[in-house]
Every structure is written in C-alpha cells, then in structure tokens.
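Heads up, the thing below is written out as structure tokens.
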Amino acid sequence: MSTFLAVPTLLPVAAEPGFSFAEPIAIGLLACGLAVFAAIGALSHEGERAFSASMIYLAIGAAAAVVIQLADVSWVDPIEDHGLIERLTELSVIVALFGTGMKLDRPLEWKEWARVARLLGIAMPITIGLVALFGSEVMGLSLGAAIVLGAILAPTDPVLAGDVGVGPPGEEDEREPNFSLTGEAGLNDGLAFPFILLGFFVLEEGGTGWLGEWVIADVLYAIAVGVGVGALCGYGLGGLAVELRRRRLLDRDFDAWLAIPSVLVIYGLAEVAGGYGFIAAFAGGLAFRRYEKTHEYNRTVHHGAEVVEKAGELAVILLLGSMLTTHGLGEPGIEGWLLVPALLLLIRPLSVIVAMVRSPLPAQERAFVAWFGVRGVGSLYYLGFALGAGVLAEGEAKVITWTVIAAVLVSIFVHGVTAEPLSRRWAQDGS
C-alpha cells in the first residue's frame, strides 16, 4: 500500500478523498455537543419548572438507547463495563460531597447536627436491614448479596438531592429539613461502605470470625481516618488559599478551580491511608469553609465545584439512559420492581419516622425528609464497586444491577417531578 493511501486513514472525515459519511467519532462529537446544549437549556431557569434537569438528561439518554438498539451498535454494558461506571460516578460524587460540605454553615455542635445523626445512625441501618430482608425473603437473594443491595440503595444521593438541599455558601436561611437532607447526603455515601464490606464478608467468609476485623478496620479505623484527613487537609487547604490570595500568588480568576485539586488531594490522601475518601471529601468541604467562613472566595470555589458536579451528573445520567434495554429492565422480575415502590413509599418513610421519634422536628418537615430520600449517582457508584469486587454470583449480579438501575430511574422521575412544587409549598407553609 502506498504512503498516500495509508495517510487518509489517520485523517478526519473531511480530509478523506471522495464521499465519506457517518464516521463514528463525528457522530459522537455531534451527540456530545447536542447533549451539552440540552444541559445548558435544562439548567436554565430550572427552579421555575415542575421537573428537574436530570429528567431531561435521562430522556435524552433513553432516546439514545433506542437509536443504539435499532442500529445494533455495541455499547456500554452496566455489568461488563462496571469499571467505567465506577470511575465516572466516583469523580462526580466526591466533587459533590466537597461542594455539599462547603454549603453548610451550621456550627459543629451536637444540638445542630442531632437530626442528621438520627438519619445516619438509625434511619440508614433500618433501610439497609429492610431492603436486605426484602432481597433475601422476596427476591431470593443470598444474605450477603441482599446486604450489598441494601447498602447500595440506602444512601441519599448528594448529587441529585442538591435540588432539595440548602443553597450555596452565604445563604443564612438553612431550613431544618433541607439542612438535614444535605447533611445526610454528605455523610451517608461514605457510611455505606462498611455495610457493603459487611455483605462481602458474608458472601466470602461466612460465619462470624471476621466480625472483629470488620469493626476495627472497616468501621472504626476507616471512618476515623476519613474524618481526620478530611478535616485537617480541608482546613489547611482553606488557609493556604487565603494566604496565597493575600500574597497575590493566586489570581481570583482561578478561585473556581480550587475545589477540584483540593478534593482530589483530600480524597487521594484518605484512600492511601486506608480511610473512606467519601467521608474525607465531605469533611474537607466543611473544614475548608470554616477556615474563613465569611471569605468571598467560598462562594466562587463552591460554584466551581458545582459546575463540575453538574457536568458529572449530565454524563452519568446520559450514560444511564443510554444503557437501558428491554431485556435488562426485565432482569429484576416482578419482585425486584416491587422493591422500588416499597423502598420509596414504605421503607424510607418508616426508617425516618423511627429515627425522628421524640424529635422536635414538626410532622410536615419529617414528611419532607422522609419523601426526599433520593437514589442516584451514589448508588450507581456502589453498584460499580460491588461488581468490581467480583464476589457476586452472575445471576445475583444481574438482578442487583438492574434493580438498582430501576430504583434510580424511578427516583429521578418521581423526585424530579415533586422537588420544585413540594419545596415551594413547604417554604410558603413554613414561612
């Protein structure tokens, strides 16, 4: 083959001799451009619509799934390509957790965080237990796999729950239910890890001989390291940023970028030390904010984190929608699909009711917190993590994968439709 004939294979479509159409890379770039345009439109005046931007992303992804199936194109499979899903969702979640920590202005006092502690220490374990019970008794999963499913579906998502959380730094009016949901979403993604690992132990080890190792290493040590690394590094990086700005070594035009290297450093150090990086990311955001609570760059830094978070949300939800197949949606069976309304309408509300017993939180506000247990990007991360561990049997992996996807799909829809009207109604009634 001559050199001339070999060169065009390396050139863009427009540079090839003759007519050439539908090059895959060009179609991909076109689709990405249209998706970003759609995202900009979806985010514009989002608060004025009765549905969330995530619903638009999901609809676009689902439309792409139809085209992919009709064209018989090889595409991402949620089980075979679990590594891609895990890494994409991981970045989105850690940035969201750091930004979530930066939002919260409440003093770090027990009385201020008592309701969040109830949601984490009571509601979350109850949710895991009831989902695991449903999984083992109704869906026929093994005990270990059922615990894994419960841990995957338990966390309130920090990415999608932002629509009903508190506002950006500087907004002084942190209404109690919004604060409770935001604090819960910031911490329970990290606190789901011990329960995921508990399921792994049950699947692989059996018995109870591993219980001491799990408590010491996977509960006490990993949580403490996550909190410690996040708090120290977040506070230190906040101080460093202030000092660099004071010495004019950091241009204010780059303030919005500070969140990204900060959370990557915090997350990486926590993981290297054997702690939970998700907990560290949230603690880091809290500490970063508290070095100089009133400093002007906090809002800008948070804005930078939010932009990356929104981009991650777009990518994850589009990918989720594009992976949908009729065969996959049938994998959970009737039992798996029954778990979804049971989780949203019974298990989550019941767990919050129990957690808030003798709490001064009014009944209407408890109902708000109980309803908005949004399932989303965090659950997809834990799904990818569990699949990557390789401990689930093939049949159980399929059932769990598509049950989680079903739960996320329904949550995006029902919570996306109700977030704006219920938030507005509660604000009017509570004012």
Side-chain angles (χ1 to χ4, degrees), residues 58 61-62 64-66 68-70 72-90 127-128 130-155 157 192-193 195-206 316-344 347 375-413:
L58 184 60
V66 174
I68 289 168
Q69 292 187 60
L70 291 176
D72 195 23
V73 175
S74 178
W75 189 241
V76 177
D77 181 87
I79 297 178
E80 295 180 3
D81 300 306
H82 58 80
L84 170 64
I85 296 171
E86 180 184 354
R87 295 310 170 200
L88 181 61
T89 53
E90 181 179 31
T127 300
I128 293 172
L130 291 178
V131 172
L133 180 64
F134 189 101
S136 61
E137 297 300 320
V138 179
M139 298 173 64
L141 298 174
S142 65
L143 178 59
I147 293 173
V148 169
L149 176 61
I152 290 173
L153 289 177
D157 186 62
F193 260 114
F195 296 97
I196 291 280
L197 299 176
L198 174 64
F200 290 175
F201 272 117
V202 174
L203 282 167
E204 292 186 295
E205 304 292 339
V316 172
I317 303 303
L318 281 177
L319 180 61
L320 173 65
S322 70
M323 293 189 300
L324 299 180
T325 64
T326 52
H327 175 75
L329 293 174
E331 286 287 355
I334 296 175
E335 298 83 1
W337 276 98
L338 282 176
L339 174 60
V340 178
L343 172 64
L344 300 181
I347 295 175
R375 270 56 189 168
V377 179
S379 291
L380 295 175
Y381 167 78
Y382 279 116
L383 174 63
F385 178 78
L387 293 173
V391 299
L392 295 169
E394 182 179 353
E396 292 186 324
K398 290 180 179 179
V399 171
I400 289 175
T401 295
W402 286 99
T403 300
V404 171
I405 289 175
V408 173
L409 291 176
V410 174
S411 181
I412 288 174
F413 179 77

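These values consider heavy atoms only, across backbone and side chains, with no hydrogens, waters or symmetry-generated copies.
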What one should report as the nearest heavy-atom pair of Ile128 and Ala154 is CG1-CB, 3.4 Å
What heavy-atom pair brings Tyr381 and Glu86 nearest, and what distance separates the two atoms?
CD1-O, 3.4 Å
Those residues that, when tested against Ser322, pass side-chain hydrogen bond (donor to acceptor under 3.5 Å, both in side chains) (two or more places apart)
Trp75
To the nearest 0.5 angstrom, please state how far the CG atom of Leu133 sits from the CD1 atom of Ile147.
11.0 Å
Where Met323 and Asp77 come nearest, the two heavy atoms and their spacing:
SD-C, 4.4 Å
Treating Arg375 as the side-chain partner and Ser411 as the backbone partner, does any N or O pair qualify as donor plus acceptor under 3.5 Å?
no
Atom of Pro332, atom of Gly328 and distance for their closest heavy-atom approach:
CD-O, 3.6 Å
Would you say Trp337's side chain and Leu329's backbone share a donor-acceptor pair under 3.5 angstrom?
yes
Phe385 and Phe200 aromatic ring geometry - parallel, tilted or perpendicular at 30°/60° bounds:
parallel
Could you grab the distance from atom CD of Glu396 to atom CE of Met139, nearest 0.5 Å is fine?
9.5 Å
Testing Asp81, Leu320, Ile68 one by one against Val76 for a side-chain contact (heavy atoms from CB on, under 4.5 Å), which residue passes?
Asp81
Are the side chain of Gln69 and the backbone N or O of Leu324 linked by a donor-acceptor pair below 3.5 Å?
yes
Please examine the side chains of Leu339 and Val138, heavy atoms only from C-beta on, and report whether any two atoms are closer than 4.5 Å.
no
Gap between atom CG of Leu343 and atom CG of Leu338 - 0.5 Å precision
12.5 Å
Report the distance from atom CG of Leu149 to atom OG of Ser142, rounding to the nearest 0.5 Å.
10.5 Å
Identify, with sequence neighbours excluded, every residue that meets side chain to side chain contact (heavy atoms under 4.5 Å, CB included) alongside Glu205.
Phe201, Trp210
Could you tell me the separation between the CG atom of Leu130 and the CG atom of Leu153, rounded to the nearest 0.5 Å?
12.5 Å
What are the two closest heavy atoms between Thr403 and Gly336, and how far apart are they?
CG2-O, 3.9 Å
Closest heavy-atom pair and its distance - Ala397, Leu392:
CB-CB, 4.1 Å
Exactly one candidate in Val408, Ile400, Ile85 meets side-chain contact (heavy atoms from CB on, under 4.5 Å) with Leu383; the answer is Ile400
Starting at OG1 of Thr401, measure out to CG of Leu387 and round the result to the nearest 0.5 Å.
4.0 Å
